[in-house]
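Here the structure comes first, spelled out in structure tokens, and everything after it is commentary.
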There are 2 protein chains.
Amino acid sequence: MNVQFKKGVLELCVLVLLDKQDRYGYELVQRISDRIAISEGSVYPLLRRLTKDGYFTTYLKESTEGPSRKYYKLTDEGRRYLDELLQEWETFTNGVNQLIEEGVNRE
Amino acid sequence: MNVQFKKGVLELCVLVLLDKQDRYGYELVQRISDRIAISEGSVYPLLRRLTKDGYFTTYLKESTEGPSRKYYKLTDEGRRYLDELLQEWETFTNGVNQLIEEGVNRE
DNA sequence: GATGAGTACTATACATTGTATAGTACTGTG
DNA sequence: CACAGTACTATACAATGTATAGTACTCATC
């Protein structure tokens with residue numbers, strides 16, 4: 001899996017998953033890993049950064065399955081940022097796919 | 001336009017356009033710029049890198065419109081690499097789009 | 001001839017964000 | 001106690017865009 005493709009996308013993935021419900025870090029890693037090979041080590045700094053930037057708030061919650069979990073919750077600002085990113089992603093991938101069509105089509 | 005999304009994609013775009021026909025650097029910049037905002041300054045180092053890596057060969061050709069042009073031509077190795085990248089791009093974007101679906105769908 | 005615009009390419013410092021790796025801490029089980 | 005699974009923290013490094021600055025050529029205009 002091309003590392004460079006992934007840049008910038010990880011935060012989109014995290015924001016999208018949190019749009020649906022609050023989640024803890026490890027769960028986010030697992031959910032994303034179902035679709036894209038990622039390193040655990042990159043998610044936590046990202047979560048910290050996005051929290052610092054005001055897109056999430058966090059709270060601790062006891063777990064019956066292991067240590068307590070740090071949950072992340074999307075803020076309104078986070079939700080707005082997500083909408084932006086979703087649009088950018090769509091515009092961007094459409095642009096790339098159009099280039100691929102142009103390049104691949106042989107007249 | 002999110003800079004990080006673009007990482008790794010520029011080389012895919014260049015390879016795809018050269019799959020169709022030989023092109024010179026400036027033309028590649030223009031064609032890609034039609035779809036994605038990119039900086040000219042990033043394309044030339046990329047072209048040099050991919051040439052050094054064996055994916056292109058180059059030749060000079062006189063132009064009637066300005067200075068002579070340095071054309072880039074895809075090698076067989078380049079074509080193979082392109083196929084790889086195309087598959088990776090598809091796998092990757094499908095994975096991201098699936099995550100977006102999951103995250104966005106509210107039950 | 002000088003100048004400017006457009007064509008065409010080169011070079012470099014820097015910012016950003018993944019990976020890889022190493023580690024910590026908690027809980028339950030054997 | 002040791003180990004596995006759960007859950008999180010920290011850091012060095014690689015890679016590749018951007019921004020910026022520049023070079024050189026050709027043609028048109030003054």
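Please read these numbers as outputs of a predicted model, since none were measured by experiment. Below, read A as the first sequence line, B as the second, and so on, with proteins coming before strands; counting in each chain starts at 1.
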Exercise for review: Starting from C1' on C/dT17, measure out to CG on A/Asn2 and report it in whole angstrom.
Suggested key: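 Computing the A/Asn2:CG to C/dT17:C1' distance gives 14 Å.
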Exercise for review: Provide, to the nearest angstrom, the distance between the CG atom belonging to B/Leu28 and the P atom belonging to C/dT7.
Suggested key: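 Roughly 15 Å, once rounded to whole Å.
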Exercise for review: Verify the distance criterion only: is there a donor paired with an acceptor across the side chains of B/Trp89 and A/Asn97 at less than 3.5 Å?
Suggested key: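 The answer is yes; a qualifying pair exists.
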Practice item. Going 5' to 3' through nucleotides 5-17 of chain D, assign each nucleotide B (protein heavy atom under 4.0 Å from a base atom), S (under 4.0 Å only from sugar-phosphate atoms) or - (no protein heavy atom that close). Key: -BSBBB---BBBS
Exercise for review: Measure the shortest side-chain to side-chain distance between A/Val9 and A/Phe5 over non-hydrogen atoms and say whether it is less than 4.5 angstrom.
Suggested key: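 A/Val9 vs A/Phe5: side chains apart.
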Exercise for review: Sorted by first residue and then second, give each side chain to side chain donor-acceptor pair (under 3.5 Å) pair with at least one member in residues 35-49 of chain A; sequence neighbours left out.
Suggested key: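 For residues 35-49 of chain A, and leaving out neighbouring residues, the side chain to side chain donor-acceptor pair (under 3.5 Å) pairs sorted by first residue read A/Glu11-A/Arg49, A/Arg35-B/Gln98, A/Arg35-B/Glu102.
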Point to revise | A/Leu15 backbone acceptor or donor facing A/Asp19 side chain under 3.5 Å | key: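 Not at all, since once roles are kept as given, no pair shorter than 3.5 Å links the two residues.
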Return all side-chain donor-acceptor pairs below 3.5 angstrom for residues 54-68 of chain A, not counting sequence neighbours, or 'none' if the list is empty.
unit_1  : atom_1 : unit_2  : atom_2 : d
A/Tyr59 : OH     : A/Asp22 : OD2    : 2.7
A/Ser63 : OG     : A/Glu65 : N      : 2.9
A/Glu65 : OE1    : A/Arg69 : NH2    : 3.0

